[in-house]
Amino acid sequence: MYTVVLTIHLIIILALIGVVLVQRSEGGGLGIGGGGGNPLGGRAKPNPLATVTWVLAAAFIANSVFLTILSNQEAQSRGVLEGFVAGDGADTGSDVVLPGDLTGDTLLPPSATDVPLAPPPVE
């Protein structure tokens with residue numbers, strides 16, 4: 001289900017990008033510039049591409065909300081450490097597998113009594 005909705009989401013995104021790039025610039029971006037060719041100051045009727053843009057934008061927002069709900073439901077069914085737990089899957093807290101050897105004194109900084117590694121001999 002999640003994959004199907006995500007695929008629909010990507011199709012909506014590509015369609016929205018295409019429709020926005022095809023539209024003609026009206027020169028009023030961010031409210032900068034003149035008032036255009038309408039002397040009464042009203043807005044002109046939107047062209048069909050602008051209507052398609054609004055519909056695709058609404059579909060994008062609705063699909064984003066739906067994907068968030070699906071993702072949240074899927075995350076509630078799994079634990080955060082589910083992929084890191086070894087053994088029988090019982091959540092005891094003692095069977096967590098850490099990457100590498102990150103246990104014991106290996107995480108502490110070297111002390112003054114530790115002998116540094118010698119550089120390789122020069123031939």
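When a residue number appears, it is its place in the shown sequence, counting from 1. Below, all heavy atoms of this structure are taken into account, side chains as well, without hydrogens, waters or symmetry copies.
- Hydrophobic cluster membership is shared by Leu16 and Val22, with clusters built from Ile, Leu, Val, Met, Phe, Trp and Tyr side chains linked at under 4.5 angstrom.
- The CG atom of Asn63 sits 11.5 Å away from the CG atom of Leu56 when rounded to the nearest 0.5 Å.
- Using a 4.5 Å cut-off between side-chain heavy atoms of Ile, Leu, Val, Met, Phe, Trp and Tyr, with links allowed through other members, Trp54 and Val19 fall into different hydrophobic clusters.
- In summary, of the residues considered (Leu10, Leu6, Val4), a side chain to side chain contact (heavy atoms under 4.5 Å, CB included) with Ile8 occurs for Val4 alone.
- The same ILVMFWY cluster, assembled from side-chain heavy atoms under 4.5 Å apart, contains both Leu21 and Ile12.
- Residues satisfying the side chain to side chain contact (heavy atoms under 4.5 Å, CB included) test with Leu14, not counting sequence neighbours, are none.
- Proximity of the aromatic rings of His9 and Phe66 is defined here by a centroid distance below 6.0 angstrom, and this criterion is not met.
- For Ser71 (side chain) and Leu67 (main-chain N/O), no donor-acceptor pair under 3.5 Å exists by modelled atom type.
- No side-chain heavy atom of Asn72 sits less than 4.5 Å from a side-chain heavy atom of Thr68.
- Interatomic distance, OG1 of Thr53 versus CZ of Phe60, reported as 13.5 Å (0.5 Å rounding).
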